[in-house]
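These notes concern the structure reproduced below.
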There are 2 protein chains.
Amino acid sequence: MTVQADIRLPSRVDALAEALLQPILAGDWRPHDRLPSEHALAAQHEVSRAVVREAIARLKSDGYVETRQGKGAFVAAAPGGNAFRLDVEGDTHLLELRALIEADCAALAAERHTAADLTALRAASDAMRDAVAKGGLGLAEDIRFHDVLAEAAHNPALRRFAAFVGRHAREAMQLARLSQLREQNRLVEIEAEHAAIIKAVAARDPVAARAAVQHHIASGLRRHGLS
Amino acid sequence: MTVQADIRLPSRVDALAEALLQPILAGDWRPHDRLPSEHALAAQHEVSRAVVREAIARLKSDGYVETRQGKGAFVAAAPGGNAFRLDVEGDTHLLELRALIEADCAALAAERHTAADLTALRAASDAMRDAVAKGGLGLAEDIRFHDVLAEAAHNPALRRFAAFVGRHAREAMQLARLSQLREQNRLVEIEAEHAAIIKAVAARDPVAARAAVQHHIASGLRRHGLS
DNA sequence: CCGGCTAACTTGTCAGGCAAGTTATGACCG
DNA sequence: CGGTCATAACTTGCCTGACAAGTTAGCCGG
């Protein structure tokens with residue numbers, strides 16, 4: 001058997017956790033339903049009880065399952081309610097969600113930014129221009145621009161969510177299309193878009209800030225050939 | 001020892017998972033740092049290796065840790081990056097985030113609702129009025145109204161996030177103050193606010209829809225004595 | 001009929017062992 | 001001296017068996 005070094009089979013624990021998750025996500029097992037006992041699951045899936053326990057530990061951590069000693073394991077009242085995930089969305093919805101969140105950041109930044117926030121925004125925009133001038137793509141600097149914008153919203157929940165969605169969005173955009181970013185006229189566009197965002201934020205105009213961010217992100221999608 | 005039936009001590013697995021999570025969250029263990037071996041952790045924490053494995057299974061599921069057979073357990077590149085959580089925010093930021101997300105739902109609903117969406121919105125608003133008329137509080141119906149609004153945005157990622165944030169927000173609002181909702185003039189307000197949201201959505205006016213939702217949620221906070 | 005006890009069942013934990021993968025060290029050869 | 005190979009020690013992955021702690025249902029006695 002030839003196996004590439006980078007490809008590892010899922011462990012039995014991973015596979016069982018996934019197998020137990022599917023009926024929960026599909027609604028076949030509903031909130032408060034009792035799962036089969038550990039011994040039964042071990043027999044059904046031909047694994048040891050230790051594997052079952054570890055798989056259930058994973059589902060517990062994700063908030064899909066709750067256990068009571070002596071009683072059993074049960075589908076949680078709100079399955080998965082501990083956490084919000086972005087594994088199952090199509091790219092379009094994910095990218096639209098990102099645009100909404102970035103616009104929210106911009107609108108709040110417009111209302112409540114500090115002088116230091118503006119300074120950091122301008123510095124981040126300048127850093128991207130500088131990186132590009134040196135032959136880089138400015139990706140890390142563009143990310144930094146968005147992080148600073150989210151910071152300027154002065155809401156840590158929103159900032160963390162913006163970072164979370166941003167990471168997923170970048171994966172979805174499959175940066176294999178990096179070469180498309182090299183054209184100088186596109187970078188002029190980006191710079192103008194950053195400047196428009198900064199201008200709206202500095203003017204404390206949430207409507208314009210929101211619109212500027214949404215334009216910037218929509219243009220980013222076009223530049224990646226995604227819209 | 002007297003223990004109330006509703007209070008259970010954390011299991012050793014829970015306690016260890018928490019103990020291992022803290023240095024990661026605090027930045028003491030950084031991305032790619034290697035955790036002590038299972039045997040070492042079991043000795044340090046005076047538990048069996050099975051407890052260690054289950055605790056690490058929990059952290060793996062949460063995205064804080066990755067393991068490689070024969071090599072060890074390592075802090076993940078982006079700790080916790082699998083999922084977004086709302087466990088650590090102050091209530092103000094959480095409630096503000098919710099207002100933003102609900103407004104986003106309303107704005108998208110304004111742009112893309114269907115006739116069935118409007119029908120469902122009106123039905124949900126009527127259902128709340130009816131529930132209140134029968135002596136109930138209309139809480140489930142108010143939740144339903146917001147769910148329908150999120151559905152009318154036609155973006156499943158946004159809808160799921162709105163539901164997630166809504167659940168956390170309701171917990172934060174500590175519904176022990178339910179009695180404040182019984183006054184009839186307050187319910188008249190809520191009904192008027194629902195109607196304003198529906199009107200803006202039906203008019204396909206995202207700006208007005210956004211504003212109507214944010215007014216509704218801010219008023220809700222005032223009714224709960226939270227602002 | 002109700003309450004108490006016990007057996008069977010359940011999850012929680014422990015201990016020991018072996019499989020599979022990794023790494024470092026020592027020996028050997030060119 | 002440098003490179004390669006083999007082996008021992010270490011690591012995670014999984015199995016087995018046992019007992020602790022908690023739950024539930026059934027039976028028996030008052």
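Chain letters run A, B, ... following the sequence lines, proteins first and then strands; every chain starts at 1. Quick caveat, the model's predicted, so the values are computed rather than measured.
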So which one's nearest nucleotide on DNA chain D is more toward 5', B:Leu35 or A:Gly70?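 Taking each residue's closest nucleotide, the earlier one in sequence belongs to B:Leu35.
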Over 60° means perpendicular and under 30° means parallel, so classify the ring planes of A:Phe164 and A:Phe84, tilted if in between.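 Perpendicular: the ring planes of A:Phe84 and A:Phe164 meet at over 60°.
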How are the rings of A:His146 and A:His194 set relative to one another: parallel (under 30°), tilted (30 to 60°) or perpendicular (over 60°)?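 Taking A:His194 first and then A:His146, their aromatic rings stand perpendicular (interplane angle over 60°).
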In whole angstrom, what separates [X]'s [atom1] from [N]'s [atom2]?
X: A:Lys60; N: C:dT11; atom1: NZ; atom2: P; answer: 11 Å
X: B:Lys71; N: D:dG13; atom1: NZ; atom2: P; answer: 13 Å
X: A:Glu54; N: D:dT12; atom1: CD; atom2: C1'; answer: 10 Å
X: A:His39; N: D:dA18; atom1: NE2; atom2: C1'; answer: 11 Å

Can a side chain N or O of A:Thr67 be found less than 4.0 Å away from OP1 or OP2 on C:dG12?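 Yes, because at least one side-chain N or O of A:Thr67 sits under 4.0 Å from OP1 or OP2 of C:dG12.
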Distance test, side-chain N/O of B:Arg53 to OP1/OP2 of D:dG13, below 4.0 Å: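 Yes, such a contact exists.
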Among [options], which is the nearest nucleotide to the side chain of [X]?
X: A:Ser37; options: D:dC15, D:dT12, C:dT11; value: C:dT11
X: B:Gln69; options: D:dT24, C:dG21, C:dC14; value: C:dG21
X: B:Ser48; options: D:dT11, C:dG12, C:dT13; value: C:dT13

Answer yes when B:Asp126 and B:Arg129 have at least one side-chain N-carboxylate O distance shorter than 4.0 Å, and no when they do not.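 Here B:Asp126 pairs with B:Arg129 in a salt bridge, since their nearest N and O are under 4.0 Å apart.
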Check ion pair A:Lys134-A:Glu141 (N to O, under 4.0 angstrom):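 Salt bridge between A:Lys134 and A:Glu141, a charged N being under 4.0 Å from a carboxylate O: no.
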Check: C:dG12 base within 3.5 Å donor-acceptor of A:Arg49 side chain: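 Yes, the side chain and the base share a sub-3.5 Å donor-acceptor pair.
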Under 4.0 angstrom, heavy atoms only, what part of the nucleic acid is B:Arg68 near: base, sugar-phosphate, or nothing?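 Since only primed, P, OP1 and OP2 atoms lie under 4.0 Å of B:Arg68, the category is sugar-phosphate.
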Heavy atoms only, 4.0 Å cut-off, all strands: where does A:Arg12 land among base, sugar-phosphate and nothing?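 Contact class for A:Arg12: sugar-phosphate only.
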